[in-house]
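To keep things clear, I will list the structure first and then write my remarks on it.
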Amino acid sequence: METSSDRPGGSRRPWWGRIVAGVAVLVVLIVLVERFSLVPGFGGLFGEETRDRSGPALLKSIQDMARYEGAVGNFQVVVDLEKDAALLPDAIRGTRTLYVGSGTVGGYVDLGALDERNVTVNGDRTKASIRLPHAVLGTAALDPHRSYAVSKQRGLLDRLGDLFSDNPAGEQAVQKLAVQHIDEAARDSGLAERAEKNTASVLEGLLRSLGYREVTVAYG
């Protein structure tokens, strides 16, 4: 029986082409077997292994703190960030990320600038009056263990861009928004007032244990 390769003018596939095709078929078979567990125990052959090759952490600086953190608020926000491109459908160019951000905000009173002018004591040392600066809120600190992306939708061009990006599908934008929204919520939560109340309570208890029977703590 005459084949196309035997007939005059018939094309014969080069030997390297047959090798490439065979390797491609083998790779596809391996992926299918591993993906659908067609052969028991075969999937572990190409299992992932994580190794931490990080260097030691370096101490860059130490900052002395002179503040009392009187209260800490725990917050959670759902960020829905969508970016669209003009004149292009979302399937081609555009992203939408749904992100749950969980973090804490601390309220503290700075005691570093206090001096003798902020403390008044009577002659027999039974009364003390202290004037403190108002409490300040720190910046929200996201908890990486409780913050996560629920879903990410990206257009075709954005997916292709991720292939050449050092930080594909980065979450910096939604993380910044999460911090911003948590900071806004903290300002409206009464956290600063709670920090002032708790700080005053601690100072009153400390001074009373030192023998002062009347203690007044004021802010401003």
Side-chain angles (χ1 to χ4, degrees), residues 31 34-37 43 46-55 57-61 63 65 67-111 132-202 219:
V31 172
E34 182 182 10
R35 174 65 178 84
F36 298 101
S37 301
F46 298 95
E48 294 183 352
E49 182 179 358
T50 302
R51 296 180 180 178
D52 185 1
R53 301 184 183 276
S54 307
L58 300 179
L59 176 63
K60 302 294 290 186
S61 65
Q63 182 179 358
M65 307 299 292
R67 65 190 191 186
Y68 178 77
E69 191 171 61
V72 176
N74 295 284
F75 298 87
Q76 186 177 80
V77 61
V78 178
V79 178
D80 188 351
L81 179 62
E82 183 176 5
K83 295 182 179 180
D84 296 324
L87 306 180
L88 289 177
D90 293 342
I92 301 299
R93 183 63 184 272
T95 62
R96 183 176 181 180
T97 305
L98 194 64
Y99 181 83
V100 176
S102 299
T104 59
V105 178
Y108 63 90
V109 176
D110 189 358
L111 306 177
L132 302 174
H134 285 289
V136 179
L137 298 182
T139 303
L142 286 181
D143 184 348
H145 300 292
R146 298 189 295 124
S147 301
Y148 55 92
V150 178
S151 66
K152 298 179 182 179
Q153 300 175 8
R154 306 189 304 281
L156 177 60
L157 295 180
D158 298 280
R159 292 178 181 271
L160 291 176
D162 288 344
L163 297 177
F164 305 96
S165 173
D166 293 334
N167 185 26
E171 298 176 350
Q172 292 92 339
V174 289
Q175 290 174 349
K176 289 181 180 179
L177 276 178
V179 169
Q180 177 182 331
H181 291 315
I182 290 177
D183 284 338
E184 294 171 354
R187 288 195 294 268
D188 299 330
S189 66
L191 184 61
E193 291 78 6
R194 180 71 171 270
E196 292 183 357
K197 179 180 179 181
N198 292 342
T199 302
S201 180
V202 169
Y219 290 91

Exercise. Under 4.5 Å between any side-chain heavy atoms of Val79 and Val77, yes or no?
Worked result: yes

Exercise. Has the side chain of Tyr99 got a donor or acceptor atom that lies under 3.5 Å from a matching backbone atom of Ala178?
Worked result: no

Exercise. Is a side-chain donor or acceptor of Ser147 paired with a backbone partner of Asp143 at a separation under 3.5 angstrom?
Worked result: yes

For this session: Mind listing the closest non-hydrogen atom pair of Glu69 and Gly106 along with its distance?
Result: OE2-CA, 3.5 Å

Exercise. Is atom OH of Tyr219 surrounded by more than 12 heavy atoms (other residues, nucleotides or ligands) closer than 6.0 Å?
Worked result: yes

Problem set entry | Smallest separation among heavy atoms of Ala135 and Glu196, with atom names | N-OE2, 2.9 Å

Exercise. Does some side-chain heavy atom of Thr97 sit less than 4.5 Å from a side-chain heavy atom of Glu171?
Worked result: no

For this session: Could you tell me whether a side-chain N or O of Asp183 sits under 3.5 Å from a main-chain N or O of Thr139, the two making a donor and an acceptor?
Result: no

For this session: Looking only at non-hydrogen atoms, find the nearest pair between Phe75 and Ala186 and report the distance.
Result: CZ-CA, 3.7 Å

Problem set entry | Over all atoms of both residues, closest heavy-atom pair of Ala71 and Leu191 | CB-CD1, 3.7 Å

Problem set entry | Steps toward side chain to side chain contact (heavy atoms under 4.5 Å, CB included) verdict (Gln175, Val179) | CA-CA 6 Å; Gln175 290 174 349; Val179 169; 5.7 Å; no

Problem set entry | Nearest non-hydrogen partners of Ala195 and Gly107, listed with the distance | CB-O, 3.5 Å

Seminar exercise, completed: d(Leu137 CG, Ile182 CD1) to nearest 0.5 Å is 13.0 Å

Exercise. Can you tell me how far the CZ atom of Arg146 sits from the OG1 atom of Thr104, to the nearest 0.5 Å?
Worked result: 7.5 Å

Exercise. How long is the span from the OG1 atom in Thr199 to the NE2 atom in His134, to the nearest 0.5 Å?
Worked result: 12.5 Å

